[in-house]
Amino acid sequence: MQSRLLENLNPEQLAAVTLPRESAMILAGAGSGKTRVLTTRIAWLIETRQVNPLGLLAVTFTNKAAREMLTRISAMLPINTRGMWVGTFHGLANRLLRAHYRDAGLPQTFQIMDTADQVALVKRMLKANGVNEEQFKPRDTAWFISAQKDAGLRPSAVEAFDDHSRQLVDIYRMYDAQCQREGVTDFAELILRSYELLAKNEPIREHYRARFAHILVDEFQDTNRLQFDWLKLIAGPSNAVMAVGDDDQSVYSFRGAKVANMRDFEREFNAHTIIKLEQNYRSQGNILEAANVLIGHNRQRLGKNLWTSEAQGEPIRLFEAQSDFEEAQFVVEEVRELRATGVPLTEVALLYRSNAQSRVLEHALFSAGLPYRVYGGLRFFERQEVKHALAYLRMVANPEDDAALLRVINFPTRGIGARSIEQLQDSARASGASLWQAACSRGGSKASAPDTPKKGIEGFVLLIERLRAECTGVALHEMIEAVIERSGLRAHYEAEREGADRLANLDELVSAAAQFADDPMRALELEADPAFRAAESGREQARPQGREQEQGQAQGQDPAPASATQPLAPPVDGAPGTAADAAETPADQMLIQFLAHASLEAGDNQANAGDDALQLMTVHSAKGLEFHTVFASGLEEGLFPHENSLDDAGGVEEERRLMYVAVTRARRRLYLTFAQSRMLHGQTRYNVASRFLREIPVKLLKRLSPTYDRGGGSTTFAQPAGASWRAGAQAPVSVRPAPKQEMAGMPWRIGQSVRHAKFGTGVIIDAEGRGTEARVQVNFGREGVKWLALAYAKLDAA
DNA sequence: CTAGCTGCTGTTTTT
DNA sequence: CAGCAGCTAG
């Protein structure tokens, strides 16, 4: 039977979709239809009955990509995608750990910290242990810990060669122990812990290996070492892994991604088939050629050349501005024109290297009355009022959660100061108990006279106990309502002048919870999955089907001799009666799931689609998207490529890949803009044009001049021998005007571009002295910043 | 305990 | 510039 699914695929796509059951690498260039191949492959496997929907595992990096995949599969096949293992690495790891929490050495209610929680926890520990915070900054330390986990290394496996790193490892060890005590995990822990679960538990491992005959991985170039090993472990010797990726779009090495995984894949997964998808369906010829030439400057590549059947299209527009302000102004003008010609603003993206650059652009757009939307920034579940409400919920789910307790013990304020909290922490540490336990023994929760509104710790303990009682057996959104009311959060924000938005977000949280509970896809995800019962009963024979039956065991100690089989997962030390491990009812389950959801999916930061608004975002966040028109702004040395990336090996190549991503986002029109001067950290900086501009062939470019030229000088950048792009384009700009500045004897102005025989083109960033004493400081970009005495150095206007 | 001040430090980001 | 952390004054 020839499936309709296979219609309109090009030969390479078809080959990829219909590969036999074996591991393969699909090198998928930008715009080559990679998601289509992935989803069609899945649909084809199911339709031809080579696998049933529950027998495959598809992994992505973002929730968005996972959702997209499910949506497209549903559109292709009349199947229920419920229960399918399509998700992010973290989401799937979470799923594994929830199903086998005991074997993984976790409490059933274990919580997932986001990065902010993690940093806070590290900070708390550093403080508690009197570690010098100058030397060990919480952020860096948390970063270090995550990096070790991403590499698959527990403290005992980390090699430390000096005092500093030995201390870091000690902190890492304490951190893990603390997480275990509190019943919390961080993101990397989800994957590492699930890796260890499979590694040391053969029945479970074999269960999943037998189940997932086909494993598909999206954005493989973004995998880190641990994710690579995780896949390898689940795949085992006989399952087929289809890895789809593009080494040229690897832009996340700063968070552990290893492009080398693409090379290693072939060997370690025994993959003999490599298919390259090189036909680009997105961009017109000039844009694609620019991208190809640009990325051709990288040495570390698997090698790939995109082509298109499209026409050349428009030239790439290049604009040089005097300042970031002028650059923004230019964008405004062009966007107005585009809009007038009927291009929807949602189809126009304004990209930049770093978030700080959005400010000027926003300002100009705002003044011009152009609607725009900025991606990035705080997401819904990261807002403080939402995090506070969630912290109360976490206390309901598991009061051992010190982080949650600390967050809300005095918010809204109830007269518990730093000193009482310190005492609490001291007594908790002394007895090796949680803060909650310490608070309980101090507050004397039992002997409380009812209805006496208590302040202080006692009041807090009463509040939480009351909340826990009230939340028993009620619907999720009712729990949240109770929390918001009883905790005093609502009253607090009602009293606050600027509290309206926050109140609205709290209400939004309630509806989010109601929606979450209503979503059968999510709510029934686990129950619908026969694997859980199967895998669970593999371990504990003859257990009845219902998952509600578990509370008997749940109360008890973890039967696993943790020290022997789980050296890295210290036993949950019981704390009987604290109900840390007693998510018994469906409502409790729902709460746990909702909290995990909140951590794993912090919410969209791309607002309401539909509005006709310009799209502003970093190049990183633009990855995977496409637009009719793209403005890539701030193309200056030091900014893009970013100066901080220049020292580390491969840094420039990664920046170039980022530039490649920016260029390949555009379908029809691409603007490249840069500014000679730019406000950065409150100071004006003078930059030279990005090397990446020089790498794009002149013939593809069209230089635009400011229509509102204020008569200032103009700069250029060195184009290797032959014509500079300027020559080909407009009439040459007049040689710079005579110096009209205050100080006689200093022929140069700050901000002017000059050329030096040896150092090339640069921008004057400072000047001093006059006559024979006169010196200028010039930023030559790659060649560095130099002071030059005018009496000796020959400088020309550039 | 909070408000307000000073001083420091600034890539990229998902989970 | 601007957001945050940490400190001091009330």
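Source: prediction; values computed, not measured. Numbers restart at 1 for each chain; the letters A, B, ... are given by sequence-line order, proteins then strands.
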Nearest-neighbour nucleotide for the [X] side chain, [options] considered:
{"X": "Thr115(A)", "options": "dA5(C), dT12(B), dT15(B)", "result": "dT15(B)"}
{"X": "His620(A)", "options": "dG10(B), dT15(B), dT12(B)", "result": "dT12(B)"}
{"X": "Asn410(A)", "options": "dT15(B), dT2(B), dT11(B)", "result": "dT2(B)"}
{"X": "Ser645(A)", "options": "dT14(B), dT11(B), dG3(C)", "result": "dT11(B)"}

For the pair [X] and [Y], find out whether any cationic side-chain nitrogen is under 4.0 Å from an anionic carboxylate oxygen.
{"X": "Glu219(A)", "Y": "Lys623(A)", "result": "yes"}
{"X": "Arg193(A)", "Y": "Asp186(A)", "result": "no"}
{"X": "Lys64(A)", "Y": "Glu601(A)", "result": "no"}
{"X": "Arg154(A)", "Y": "Glu189(A)", "result": "yes"}
{"X": "Arg124(A)", "Y": "Asp117(A)", "result": "no"}

Provide, to the nearest angstrom, the distance between the [atom1] atom belonging to [X] and the [atom2] atom belonging to [N].
{"X": "Arg353(A)", "N": "dT13(B)", "atom1": "CZ", "atom2": "C1'", "value": "11 Å"}
{"X": "Glu382(A)", "N": "dT13(B)", "atom1": "CD", "atom2": "P", "value": "12 Å"}
{"X": "His642(A)", "N": "dG10(B)", "atom1": "NE2", "atom2": "P", "value": "11 Å"}
{"X": "Gln357(A)", "N": "dC1(C)", "atom1": "CD", "atom2": "C1'", "value": "15 Å"}
{"X": "Trp143(A)", "N": "dT13(B)", "atom1": "CH2", "atom2": "P", "value": "11 Å"}
{"X": "Glu654(A)", "N": "dT13(B)", "atom1": "CD", "atom2": "P", "value": "13 Å"}
{"X": "Asp222(A)", "N": "dT12(B)", "atom1": "CG", "atom2": "C1'", "value": "12 Å"}
{"X": "Glu655(A)", "N": "dT11(B)", "atom1": "CD", "atom2": "C1'", "value": "8 Å"}

Phosphate OP1/OP2 of [N]: any [X] side-chain N/O under 4.0 Å:
{"X": "Ser621(A)", "N": "dT13(B)", "value": "yes"}
{"X": "Thr413(A)", "N": "dT2(B)", "value": "yes"}
{"X": "Lys64(A)", "N": "dT13(B)", "value": "no"}
{"X": "Arg255(A)", "N": "dT11(B)", "value": "no"}
{"X": "Arg139(A)", "N": "dC4(C)", "value": "no"}

Checklist entry - Of Asn644(A) and Leu600(A), whose closest DNA chain B nucleotide lies nearer the 5' terminus? => result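 The residue whose closest nucleotide sits nearer the 5' end is Asn644(A).
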Next on the checklist: By nearest heavy atom, map Leu658(A) and Phe89(A) onto DNA chain B; which one lands nearer the 5' end?
Outcome noted: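 Looking at the nearest nucleotide for each, Leu658(A) comes out on the 5' side.
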For [X], which contact category applies under a 4.0 Å heavy-atom criterion: base, sugar-phosphate, or nothing?
{"X": "Glu643(A)", "value": "nothing"}
{"X": "Lys123(A)", "value": "sugar-phosphate"}
{"X": "Asn63(A)", "value": "sugar-phosphate"}
{"X": "Ile416(A)", "value": "sugar-phosphate"}
{"X": "Tyr252(A)", "value": "sugar-phosphate"}
{"X": "Asn355(A)", "value": "sugar-phosphate"}
{"X": "Arg359(A)", "value": "sugar-phosphate"}

Item to check | Glycosidic conformation of dT11(B), taking syn as within 90° of 0 and anti otherwise | outcome: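 Judged by the O4'-C1' to base torsion, dT11(B) sits in syn, the angle falling within 90° of 0.
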Checklist entry - For Phe254(A) and dT12(B), is the gap between ring centres under 5.5 Å while the planes differ by less than 30°? => result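 Stacked: ring centres under 5.5 Å, planes under 30°.
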Item to check | Arg414(A) side chain reached by Leu463(A) side chain, heavy atoms, under 4.5 Å | outcome: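 With C-beta onward as the side chain, the pair touches.
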Item to check | Close side-chain approach of Val241(A) to Leu231(A), heavy-atom, < 4.5 Å | outcome: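 They are not in contact (no side-chain heavy atoms under 4.5 Å apart), so the answer is no.
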